[in-house]
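Working notes, structure below.
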Amino acid sequence: MSIIDSVVVGSGPAGYSAAIYIARAGYDVKVIEGDTPGGLLITTDVIDNYLGFQNIKGIDLANTFKNHVESIGEKVSFTTGVVKTITKRLDNVFEIVLKDNSVLLSRSVVWAAGSTPRKLGVVGEDLNGVSYCATCDGIFFSDENVVIIGGGDTALEDALYLSNITKKVTVIVRKNKFRGNEVLANKLSQVPNVEIMFEKEVSKINDDGSGNISSVTLNTGEELDVSGVFIAIGQDPNTKEVIDNVTLYDNGFIKKSNTVGFFVAGDVCDPDYRQVIIAAGDGAKTGINVSKFLVTS
Ligand code: NDP
């Protein structure tokens, strides 16, 4: 089996950016794209803080990134799949096993696997009508009442997006203020079909008897009649497949790699910012570091 110079796990801005730098330095790269090529970016409606694009849909930016990587030519190849394990062998070659049990061998790895939306952990979270992606599922609730849970940028952006499609959006924030961008928060507070409830939490999502949502119960005992529940309470970094190769911060994000030839990039190692532009820049830095490693190893 041939040994690739570098395998990049992740097809968000960090992974694609790393792949460009490694390939342009003359090395072969394979990008493992995962279940959702483009990563969390494709679940974002509009991005207006990525330098050079005043207003672009997440999916369009993701496609622009992918087209750029593809334009590099034969140095880059792609595969869809989900990584099961990554082991560094005694001969310093990484053995990457995918869920379908196919195996890739490489001299280096970039782990840019991003993060997964966090679950709320309440009764009813498995009902039809619970979603972690407003841009994917909002359309199913046109002219209906929905709640969105969370107070960060994702919740703010998703609530604005849903307010254009649905009848009414109730935003449930557990603190007495938003954690996300103040400009967005002010904008949201002026939208007529949006109600914001601070210092409240959803304690149960109720079944209408046929597996669909009829309402949510709040910790105050109030019940809100809704047919959709959007959960936007942050993300957990995807690390469990590589736990032996890295050191984590207390909050689960990757602090550093502890394996020579194993690199990390993007949201998975960013406990603080998680912006597309930062992930892309981090991928570029990592790509340069991988190239330096490959030239000396
Ligand atoms: P955040 O971690 O920023 O916010 C999560 C929100 O959910 C907080 O309000 C938090 O409350 C709340 N929360 C967490 N757990 C619970 C719970 N169990 N019950 C109720 N509420 C809960 O996550 P986001 O996904 O919003 O953002 C992640 C990162 O991505 C941020 O850095 C953000 O800036 C960035 N981002 C940037 C965008 C952009 O620039 N266009 C778009 C979207 C995200 P509390 O405050 O009390 O902890």
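Predicted model, so just to flag it, every value in this text is computed and none were measured. Note that ligands are numbered from 1 as they come in the structure, with each ligand's atoms numbered from 1 the same way.
Classification of the F262-F94 ring pair by plane angle, with boundaries at 30° and 60°, yields tilted.
The nearest pair of heavy atoms linking V103 to M1 is O-SD, 3.6 Å.
Side-chain N/O atoms of E223 and S215 include a donor and acceptor closer than 3.5 Å.
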Distance-only check: which donor-acceptor pairs under 3.5 Å involve side-chain atoms of residues 154-173, not counting sequence neighbours?
| residue | atom | partner | partner atom | Å |
| --- | --- | --- | --- | --- |
| S163 | OG | L160 | O | 2.6 |
| T166 | OG1 | L162 | O | 2.8 |
| K168 | NZ | E195 | OE1 | 2.8 |

Between ligand 1 and the protein, which N/O pairs are shorter than 3.5 Å?
| residue | atom | partner | partner atom | Å |
| --- | --- | --- | --- | --- |
| ligand 1 | 9 (O) | G151 | N | 2.9 |
| ligand 1 | 9 (O) | G152 | N | 3.4 |
| ligand 1 | 11 (O) | R174 | NE | 3.3 |
| ligand 1 | 25 (O) | T154 | OG1 | 2.7 |
| ligand 1 | 25 (O) | Q235 | NE2 | 2.9 |
| ligand 1 | 26 (O) | D153 | N | 3.2 |
| ligand 1 | 26 (O) | T154 | N | 3.0 |
| ligand 1 | 26 (O) | T154 | OG1 | 3.2 |
| ligand 1 | 30 (O) | R274 | O | 3.3 |
| ligand 1 | 32 (O) | Y273 | O | 2.8 |
| ligand 1 | 34 (O) | D153 | OD2 | 2.6 |
| ligand 1 | 34 (O) | Q275 | NE2 | 3.3 |
| ligand 1 | 40 (O) | N49 | ND2 | 2.9 |
| ligand 1 | 40 (O) | Q275 | OE1 | 2.7 |
| ligand 1 | 41 (N) | E157 | OE2 | 2.8 |
| ligand 1 | 46 (O) | K175 | NZ | 3.4 |
| ligand 1 | 46 (O) | R179 | NE | 3.1 |
| ligand 1 | 46 (O) | R179 | NH2 | 3.4 |
| ligand 1 | 47 (O) | R174 | NE | 2.9 |
| ligand 1 | 47 (O) | K175 | NZ | 3.0 |
| ligand 1 | 48 (O) | R174 | NH2 | 3.1 |
| ligand 1 | 48 (O) | R179 | NH2 | 2.6 |

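Using a 4.0 Å cut-off between charged nitrogen and carboxylate oxygen, R107 and D5 count as a salt-bridge pair.
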**OP:** Report the C-alpha separation of E33 and K66 in whole Å, then their side-chain angles, then the decisive distance to 0.1 Å, and conclude whether the salt bridge (Lys or Arg N to Asp or Glu O under 4.0 Å) test is met.
**Re:** CA-CA 10 Å; E33 295 193 287; K66 173 126 190 215; 3.1 Å; yes
